[in-house]
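Just so it is clear: chains get the letters A, B, ... in the order the sequence lines come, proteins before strands, and each one is counted from 1.
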There are 2 protein chains.
Amino acid sequence: MDRDTTDRRILRTKRMLRQALTELMEEKGFEALTVSSLTERADINRGTFYIHYQDKYDLLDKCEDEILKEFERIVREGFPTQQNDYRKLVQTDPLPHILKLVEYLSDNSAFLKTILGPKGDPSFQEKLKDLMKKNLTVLIEQRLSDSPIPTDYLIAYVSSANLGVIQHWLKSGMNESPREIALILSRLTILGPGIEAGLN
Amino acid sequence: MDRDTTDRRILRTKRMLRQALTELMEEKGFEALTVSSLTERADINRGTFYIHYQDKYDLLDKCEDEILKEFERIVREGFPTQQNDYRKLVQTDPLPHILKLVEYLSDNSAFLKTILGPKGDPSFQEKLKDLMKKNLTVLIEQRLSDSPIPTDYLIAYVSSANLGVIQHWLKSGMNESPREIALILSRLTILGPGIEAGLN
DNA sequence: ACGTTAATCAACACAGTGTTTATTAAATAG
DNA sequence: CTATTTAATAAACACTGTGTTGATTAACGT
């Protein structure tokens, strides 16, 4: 079996480091933290860090990828297959897979709040938007009639907008329930800029 | 007179450093560059750097502030005072102050492309969105009827969306003219999510 | 219980930081 | 044009953090 994913010592080391990363990012942002501070906080020898990760950027990458993988899984499994008109549904209920996504955001809010905040990682924002774009492309292109606005700009607009809502939620203290946010996202995506852009 | 803003030696030093910053950011991103590489590129003694700036973050801050100041000036001077219905105008023409803004973006595209890209500075994105929010608040709140979506989320949505359009433009090689982009922004802001959100 | 291997500790050269000193060269005021 | 001011330079300093290595200890899986 793959020793790398079963040996409890390895799992512990990685778990501690990811925990330390989340904590230290919250405290002083990603750029201000060092490998030394990371290993000290995790109570891990500094040399051990370099067995598993190249540098702090590598550690961050791995953590981000874990989150993104889970996002993709949720979207893949829950994506609406049949082509419905959601404009009625969305008056009162969020799209189910969007709700699951927001719930997952909520579970990882400590990490995400920092990584999507002003001291965070803009490349993660882009990865997240790319994920949304992939799905929006399907959703939008099949319903697009003749918009005076290029499709790629429309998609950039909506995906960035969704990200903005999520960022605002995390930043302002998550006062709304995941369901409320999922509903906001669903409504804005389905009903929002669509009308103006010439969707039918 | 304020020696700090007239002495040609000082102006030259700052000019060279800001030039070097833009170049090196394009080449390897902000975090990867060092004060040493900056001063080497600018052909400036490293000690001189510390006379004018605390560290590389301070230099970045000052550069960003310069851009933001100019944004604010453009918005302040060009912001529509009387309350019009722009839905007709915007079918064919961008709002004038948005056009001016996009033209300024175009003039500083080298710097902005990097700072708003995946290796850039997320705090600048936030500052930019905050600027937009301030103006959108005026524009939206006075026209808002009864939206089922909280105003602050609506504003976060639109400002983030506008930023996304700008980022997409810069990233994809600026194939559209400033006028085209300004028109896209104007249309989406005035006509876009407004209808759904209950604007009149 | 055994062989394997992850984690530790200490040491290393190295790159970059931020500061200081004396010295040189350029700018401005008169 | 000259005198005076002051910005820029060059060289050195201690310091922090990096990334790697080799020998030793301790925990793991079978």
Compare the minimum distances between each of C:dA27, D:dG29, C:dT19 and the side chain of B:Arg8, then state the nucleotide with the smallest one. C:dA27

Over how many whole Å does the gap from A:Tyr53 atom OH to D:dG17 atom P extend? 21 Å

Look at the side chain of B:Arg9 against the base of C:dA26 and say whether a donor-acceptor pair falls under 3.5 Å; ignore hydrogens and angles. yes

Just the rounded figure in Å: distance from P of D:dA8 to CZ of B:Arg12. 9 Å

Nearest to the B:Asp55 side chain among C:dG18, C:dT8, C:dA27, which nucleotide is it? C:dG18

For a quick test of reading the model: is some side-chain N or O of A:Tyr50 closer than 4.0 Å to OP1 or OP2 of D:dT20? no

Calculate the interatomic distance between B:Glu40 atom CD and D:dA10 atom P; express it in whole Å. 13 Å

Could you tell me whether the phosphate oxygens of C:dA7, OP1 or OP2, come under 4.0 Å of any side-chain nitrogen or oxygen in A:Asn45? no

Assess B:Lys56 against B:Phe30: is NZ or CZ under 6.0 Å from the centre of the six-membered ring, and within 45 degrees of the ring's axis? yes

For B:Lys56 and C:dG16, what is the distance between atoms NZ and P respectively, to the nearest whole Å? 11 Å

Spacing of B:Arg46 atom CZ relative to D:dA10 atom C1', expressed in whole Å: 11 Å

Can you measure B:Lys14 atom NZ to D:dA8 atom C1' for me and round it to whole angstrom units? 14 Å

Reckon B:Thr13 has a side-chain N or O less than 4.0 Å from the OP1 or OP2 of D:dA8? yes

With no hydrogens and no angle check, do the side chains of A:Tyr57 and B:Glu31 hold a donor and an acceptor under 3.5 Å apart? no

Of the listed C:dG18, D:dA8, C:dT8, the closest approach to the B:Ile10 side chain comes from D:dA8

Does the pair B:Lys119/A:Glu126 count as a salt bridge with the N-to-O cut at 4.0 Å? no

Looking at B:Arg73 and B:Glu77, is any side-chain nitrogen of the basic one under 4.0 Å from a carboxylate oxygen of the acidic one? yes

For the side chain of B:Ser36, starting at C-beta, report the closest nucleotide among C:dT17, D:dT9, D:dG19. C:dT17

Find the distance B:Ile51:CD1 to C:dG18:C1' and express it as a whole number of Å. 13 Å

Compare the minimum distances between each of C:dT17, C:dC9, D:dA8 and the side chain of B:Thr48, then state the nucleotide with the smallest one. D:dA8

Under 4.0 Å between a side-chain N/O of B:His52 and OP1 or OP2 of D:dA7, yes or no? no

Between A:Arg41 and A:Glu27, does at least one N-O distance fall below 4.0 Å, as a salt bridge requires? yes

What is the distance, to the nearest angstrom, from the CG atom on A:Leu11 to the C1' atom on C:dA7? 14 Å

Closest to the A:Ile44 side chain, choosing from D:dA8, C:dT8, C:dT19: C:dT8

Which one, D:dT18, C:dA27, C:dT17, comes nearest to the side chain of B:Asp7? C:dA27

